[in-house]
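Here's a structure for you.
Just so it is clear: chains get the letters A, B, ... in the order the sequence lines come, proteins before strands, and each one is counted from 1. Given the structure is predicted, the values throughout are model-derived calculations rather than measurements.
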Number of protein chains: 2
Amino acid sequence: MDSFTIGKLAAATETKAETIRYYERIGLLALPERTEGNYRAYLPSHLARLRFIRRSRALGFSLDRVRALLRFSDDRACSCDEIDRIANQHLKEVEDKIADLKRLQSELQDMIGQCHRGTIADCRIIVTLGTSR
Amino acid sequence: MDSFTIGKLAAATETKAETIRYYERIGLLALPERTEGNYRAYLPSHLARLRFIRRSRALGFSLDRVRALLRFSDDRACSCDEIDRIANQHLKEVEDKIADLKRLQSELQDMIGQCHRGTIADCRIIVTLGTSR
DNA sequence: CATGACCCTCTAGTAACTACATCCTCTACG
DNA sequence: CGTAGAGGATGTAGTTACTAGAGGGTCATG
């Protein structure tokens with residue numbers, strides 16, 4: 001057998017065993033065969049699949065998106081437009097998030113810059129937070 | 001009475017009534033008096049508190065942090081060092097997150113840039129996602 | 001044969017809400 | 001005055017992507 005336990009798969013992909021079982025439960029990772037002792041017996045195909053999932057997650061794709069990517073990636077003759085679309089949409093969301101956070105950053109910097117380390121009574125941070133908009 | 005219903009408070013702060021009840025449940029917003037008909041009767045002090053909470057949330061502070069900010073902000077004689085510390089820590093986290101997302105952004109751009117709109121079989125995005133690291 | 005490392009299942013917890021379902025209260029109109 | 005509809009009350013469950021723990025079974029090693 002070239003099959004391996006969940007612990008080996010976990011180590012090979014830097015994923016916790018519980019997470020792997022979770023992926024299986026939600027139908028993201030195929031059910032592996034079981035040994036006589038009821039241990040999951042994974043094959044190289046599972047490893048490849050899990051790598052794909054983890055790499056996608058590391059790039060910030062949601063599990064739903066990963067599911068879509070996997071669905072398309074299995075259809076090897078089909079054009080990769082859809083894959084490209086999903087990736088670009090994700091990229092756009094990442095860029096929007098960056099813009100959001102930058103706005104936040106400058107608001108925080110402004111707020112903090114006004115604090116002169118006095119007492120709470122005249123702390124500009126508190127005042128700013130209490131002000132609407 | 002200058003008290004108002006949850007609906008008015010919700011409208012004044014652009015918060016859903018359910019969210020306000022949630023804040024009450026977790027002890028972030030003081031329990032208001034009740035009318036004869038068991039409706040919550042809010043006072044201006046509740047409005048000020050909720051504004052503070054919402055503004056802090058809009059700036060990305062976690063509810064736990066908001067709780068801490070509120071605790072310090074009530075102690076008006078105390079120095080605002082702690083407030084400053086919390087705000088700076090949050091700012092740092094925001095900046096770290098921005099850096100993370102920028103790394104993600106460029107990885108996604110690289111990946112997408114390699115796609116030449118062929119079939120899945122030779123789609124670079126799929127290949128990249130399947131590669132560890 | 002016993003110990004410890006590993007595996008199994010199932011349940012519940014995390015953050016910060018949001019959405020129901022079901023019931024109650026209040027206001028306004030005819 | 002009766003009723004319709006808006007709005008409020010409570011309680012439970014769902015969301016995302018795991019993670020932790022309880023209570024047990026299996027396997028390899030000395």
Side-chain angles (χ1 to χ4, degrees), chain A residues 1 3-29 31-43 46 49-70 90 93-94 97 100 104, chain B residues 1 3-29 31-43 46 49-50 52-70 86 90 93-94 97 100 104:
Chain A
M1 313 283 174
S3 76
F4 35 91
T5 66
I6 197 167
K8 304 296 174 196
L9 182 59
T13 57
E14 286 167 51
T15 306
K16 303 203 170 156
E18 279 125 338
T19 303
I20 297 175
R21 292 191 200 103
Y22 168 72
Y23 288 158
E24 175 184 315
R25 216 165 44 245
I26 63 170
L28 209 57
L29 203 54
L31 294 156
E33 298 291 314
R34 295 293 181 117
T35 64
E36 264 183 42
N38 199 33
Y39 281 22
R40 287 170 178 80
Y42 291 101
L43 299 173
H46 291 103
R49 193 77 156 186
L50 183 53
R51 269 205 225 286
F52 185 100
I53 295 168
R54 296 302 282 179
R55 180 89 177 110
S56 304
R57 290 287 303 127
L59 287 172
F61 288 94
S62 70
L63 287 182
D64 255 13
R65 292 262 169 86
V66 175
R67 211 187 293 274
L69 290 171
L70 283 171
H90 180 54
E93 286 169 14
V94 167
K97 187 77 194 167
D100 270 7
L104 226 61
Chain B
M1 312 285 172
S3 77
F4 35 92
T5 66
I6 199 169
K8 305 296 173 195
L9 182 59
T13 57
E14 286 167 51
T15 307
K16 303 202 170 155
E18 278 127 339
T19 304
I20 297 176
R21 293 193 199 102
Y22 168 72
Y23 289 158
E24 175 184 314
R25 215 165 44 245
I26 64 170
L28 208 58
L29 203 54
L31 295 156
E33 298 291 313
R34 294 294 181 116
T35 64
E36 265 182 41
N38 198 34
Y39 280 22
R40 287 170 177 80
Y42 291 101
L43 300 174
H46 291 103
R49 194 77 155 187
L50 183 53
F52 186 100
I53 295 170
R54 295 302 281 180
R55 180 92 178 109
S56 304
R57 291 288 300 126
L59 287 171
F61 287 94
S62 70
L63 287 182
D64 257 13
R65 291 263 170 86
V66 176
R67 214 188 291 276
L69 290 172
L70 283 170
I86 294 170
H90 180 54
E93 286 169 15
V94 167
K97 186 78 194 168
D100 269 8
L104 226 61

> Taking for each residue the nucleotide of DNA chain D bearing the nearest heavy atom, is the 5' side occupied by B/G7 or by B/R25?
Replying inline: B/G7
> What integer distance in Å separates A/R21:CZ from C/dC10:P?
Replying inline: 12 Å
> Hey, what do you get for CG (A/L50) to CZ (A/R55), rounding to the nearest 0.5 Å?
Replying inline: 13.5 Å
> Who pairs with B/N38 by side-chain hydrogen bond (donor to acceptor under 3.5 Å, both in side chains), at least two apart in sequence or on another chain?
Replying inline: B/R34
>> Looking at C/dT9, I'd like to know if its phosphate oxygens (OP1 or OP2) sit under 4.0 Å from a side-chain N or O belonging to A/R40.
In response: yes
>> For B/R65, give me all partners under salt bridge (charged side-chain N to carboxylate O under 4.0 Å, His left out), at least two apart in sequence or on another chain.
In response: B/E93
>> Run the salt bridge (charged side-chain N to carboxylate O under 4.0 Å, His left out) test against B/E33 and tell me which residues pass, sequence neighbours left out.
In response: none
>> Restricting to side-chain hydrogen bond (donor to acceptor under 3.5 Å, both in side chains), what partner residues turn up for B/E18, sequence neighbours left out?
In response: none
> Who passes salt bridge (charged side-chain N to carboxylate O under 4.0 Å, His left out) against B/R40, sequence neighbours left out?
Replying inline: B/E24
> What heavy-atom pair brings B/L28 and B/R67 nearest, and what distance separates the two atoms?
Replying inline: CD1-CG, 3.8 Å
> Taking 5' to 3' order, which nucleotide of DNA chain D is first and which is last to have an atom within less than 4.0 Å of a heavy atom in chain A?
Replying inline: D/dA17 to D/dC27
>> Please classify the nucleic acid contact of B/R34 as base, sugar-phosphate, or nothing, using heavy-atom distances under 4.0 Å.
In response: sugar-phosphate
>> Under 4.0 Å, counting only non-hydrogen atoms across every strand here, what does B/R54 touch: a base, just sugar-phosphate, or nothing?
In response: sugar-phosphate
> Can you list the residues that meet the side chain to side chain contact (heavy atoms under 4.5 Å, CB included) rule with A/Y39, with sequence neighbours excluded?
Replying inline: A/T35
>> So, using side-chain hydrogen bond (donor to acceptor under 3.5 Å, both in side chains) as the criterion, who are the partners of B/T15 when residues are at least two apart?
In response: B/T13, B/R54
> side chain to side chain contact (heavy atoms under 4.5 Å, CB included) with A/L69: which residues, sequence neighbours excluded?
Replying inline: A/F52, A/S56, A/F61, A/I83, A/I86, B/L129
> By side chain to side chain contact (heavy atoms under 4.5 Å, CB included), which residues pair with B/A17, not counting sequence neighbours?
Replying inline: B/I6, B/R21
Give each protein N/O atom lying under 3.5 Å from an N/O atom of nucleotides 20-25 of chain C, with the pair distance.
unit_1: C/dT25; atom_1: O2; unit_2: B/Y39; atom_2: OH; d: 3.2

>> In whole Å, I'd like the distance from the CG atom of B/L29 to the P atom of C/dC17.
In response: 12 Å
Polar atoms only, N or O, under 3.5 Å: list the protein pairs with nucleotides 13-16 of chain C and their distances.
unit_1: C/dA16; atom_1: OP1; unit_2: B/L63; atom_2: N; d: 3.3
unit_1: C/dA16; atom_1: OP2; unit_2: B/L63; atom_2: N; d: 3.4
unit_1: C/dA16; atom_1: O3'; unit_2: B/R57; atom_2: NH2; d: 3.4

